[in-house]
Amino acid sequence: MKILAFDTSNNPMSVALFVDGKLYEEVTTLIRKNHTLQLIPTINSVLKHANLSFTSIDRLIVAVGPGSYTGLRIAVTTAKTLSSCKKIPLETVSSLQSLATNVSFLEGKYISPIFDARNNNIYTGLYKIENGRPINKFKDRHIYLDNWINFLMKKEIQNVYFMGELEHLKENILNLFSTANFVNGILNVPQAKNMLKISSEENIVKDVDALVPNYLRLSPAEANWMKEHKEDQTNYVEEI
């Protein structure tokens with residue numbers, strides 16, 4: 001089986017090709033690029049090196065959020081287009097769970113992957129590494145950092161490993177949560193080569209046309225719409 005996986009949830013972009021369960025090639029860039037212009041050429045390059053075409057791919061795996069609005073739209077739109085045009089089954093994974101796979105060697109430990117949502121807000125969730133796979137224990141959410149730390153403390157969860165976009169948040173985390181641990185280096189960058197670890201038949205999208213990114217909060221366009229349609233005050237963001 002040939003599987004193509006990619007993640008453009010945030011500034012990094014990562015593309016990986018798996019052949020018969022083994023990583024064939026991965027391209028991950030940390031440089032701030034225009035993913036709109038770079039994703040398809042990178043996919044084409046990876047396939048060319050393997051002497052494959054899109055029609056050779058048996059499955060697509062895409063990280064659908066949370067993360068950057070623009071990055072998520074690029075990934076999801078690309079995945080939907082390829083899936084529909086080439087009739088390729090499409091599987092989705094959490095961008096946070098995908099990041100947590102980088103530390104799947106931390107067996108039995110709790111992991112809090114973090115993406116910066118600005119103004120001391122974060123996207124996060126709580127995972128525990130079980131049998132080399134990050135298992136979600138508290139669902140992904142958009143939340144104020146202090147509230148997340150307080151939540152973990154109330155649940156009496158100790159020795160959590162924090163990872164992701166949090167260099168500027170470390171001091172604040174340690175002030176609130178003295179037993180916090182931090183993951184170092186490249187492990188804080190989403191890597192598509194690890195996405196196969198969380199692949200599951202249950203994640204196959206049944207209605208590709210209906211697939212949307214998992215923003216976990218209103219996009220600016222949606223927020224503006226809400227201001228203009230105050231009669232509809234549905235809460236689209238789940239609270240803790």
Side-chain angles (χ1 to χ4, degrees), residues 4-17 23 25-46 60-82 92-104 111-125 127 134 140-145 148 161-173 182-198 211-223:
L4 182 68
F6 50 92
D7 184 344
T8 62
S9 301
N10 293 282
N11 289 323
M13 179 186 70
S14 190
V15 177
L17 174 66
L23 178 67
E25 183 172 354
E26 181 199 36
V27 175
T28 297
T29 176
L30 308 184
I31 302 173
R32 291 174 180 260
K33 291 184 176 181
N34 187 334
H35 296 332
T36 304
L37 300 177
Q38 297 296 327
L39 180 57
I40 289 297
T42 300
I43 290 174
N44 281 330
S45 176
V46 169
L60 299 168
I61 304 178
V62 62
V64 294
S68 158
Y69 294 129
T70 302
L72 294 177
R73 285 195 291 270
I74 292 168
V76 171
T77 300
T78 300
K80 290 174 65 173
T81 301
L82 293 175
T92 63
V93 298
S94 159
S95 300
L96 289 167
Q97 186 183 26
S98 179
L99 177 60
T101 62
N102 290 359
V103 292
S104 57
I111 313 297
S112 178
I114 288 176
F115 296 145
D116 186 14
R118 300 181 182 179
N119 300 318
N120 215 39
N121 288 283
I122 58 173
Y123 298 112
T124 192
Y127 292 82
D140 296 352
R141 64 199 69 204
H142 169 242
I143 189 171
Y144 188 58
L145 174 63
W148 177 239
Y161 282 77
F162 294 87
M163 64 184 303
E165 303 176 39
L166 44 67
E167 195 62 39
H168 60 300
L169 301 174
K170 280 187 177 181
E171 184 176 354
N172 194 4
I173 292 173
F182 297 97
V183 173
N184 295 319
I186 195 66
L187 294 177
N188 291 293
V189 176
Q191 299 174 43
K193 68 180 181 181
N194 291 323
M195 291 173 69
L196 194 60
K197 294 179 181 179
I198 52 176
L211 178 64
V212 294
N214 185 20
Y215 294 123
L216 289 186
R217 66 169 177 169
L218 296 177
S219 67
E222 290 170 323

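Excluded from the calculations below are hydrogen atoms, water molecules and symmetry mates; all remaining heavy atoms, backbone and side chain alike, are included. Just so we're clear, the structure is a prediction, and the values are computed from it rather than from any experiment.
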So do [Y] and [X] actually touch side chain to side chain, heavy atoms under 4.5 Å?
X: D116; Y: L166; answer: no
X: H35; Y: F6; answer: no
X: D7; Y: M13; answer: no
X: N102; Y: M163; answer: yes
X: L216; Y: D140; answer: yes
X: Y69; Y: R217; answer: yes
X: S104; Y: N194; answer: no
X: F162; Y: T124; answer: no

Hey, is the main chain of [Y] close enough, under 3.5 Å, to the side chain of [X] for a donor-acceptor pair?
X: Q191; Y: I186; answer: yes
X: K193; Y: L23; answer: no
X: N172; Y: L169; answer: no
X: T77; Y: I74; answer: no
X: T42; Y: Q38; answer: yes
X: N34; Y: T36; answer: yes

Tell me the closest heavy-atom pair linking [X] and [Y], and the distance in Å.
X: I111; Y: A100; answer: CG2-CB, 4.2 Å
X: L72; Y: S95; answer: CD2-OG, 4.2 Å
X: Y215; Y: P66; answer: O-CB, 4.0 Å
X: K197; Y: T101; answer: NZ-O, 3.8 Å

> Hey, does the Lys NZ or Arg CZ of K170 hover above the aromatic six-ring of F182, less than 6.0 Å from the centre and inside 45° of the axis?
Replying inline: yes
> Going by atom types alone, do T28 and E26 pair a side-chain donor with an acceptor below 3.5 Å?
Replying inline: yes
>> Could you measure the distance from the OG atom of S112 to the CH2 atom of W148? Nearest 0.5 Å is fine.
In response: 5.5 Å
> Can you list the steps and then say if T78 with I40 is a side chain to side chain contact (heavy atoms under 4.5 Å, CB included)?
Replying inline: CA-CA 8 Å; T78 300; I40 289 297; 3.6 Å; yes
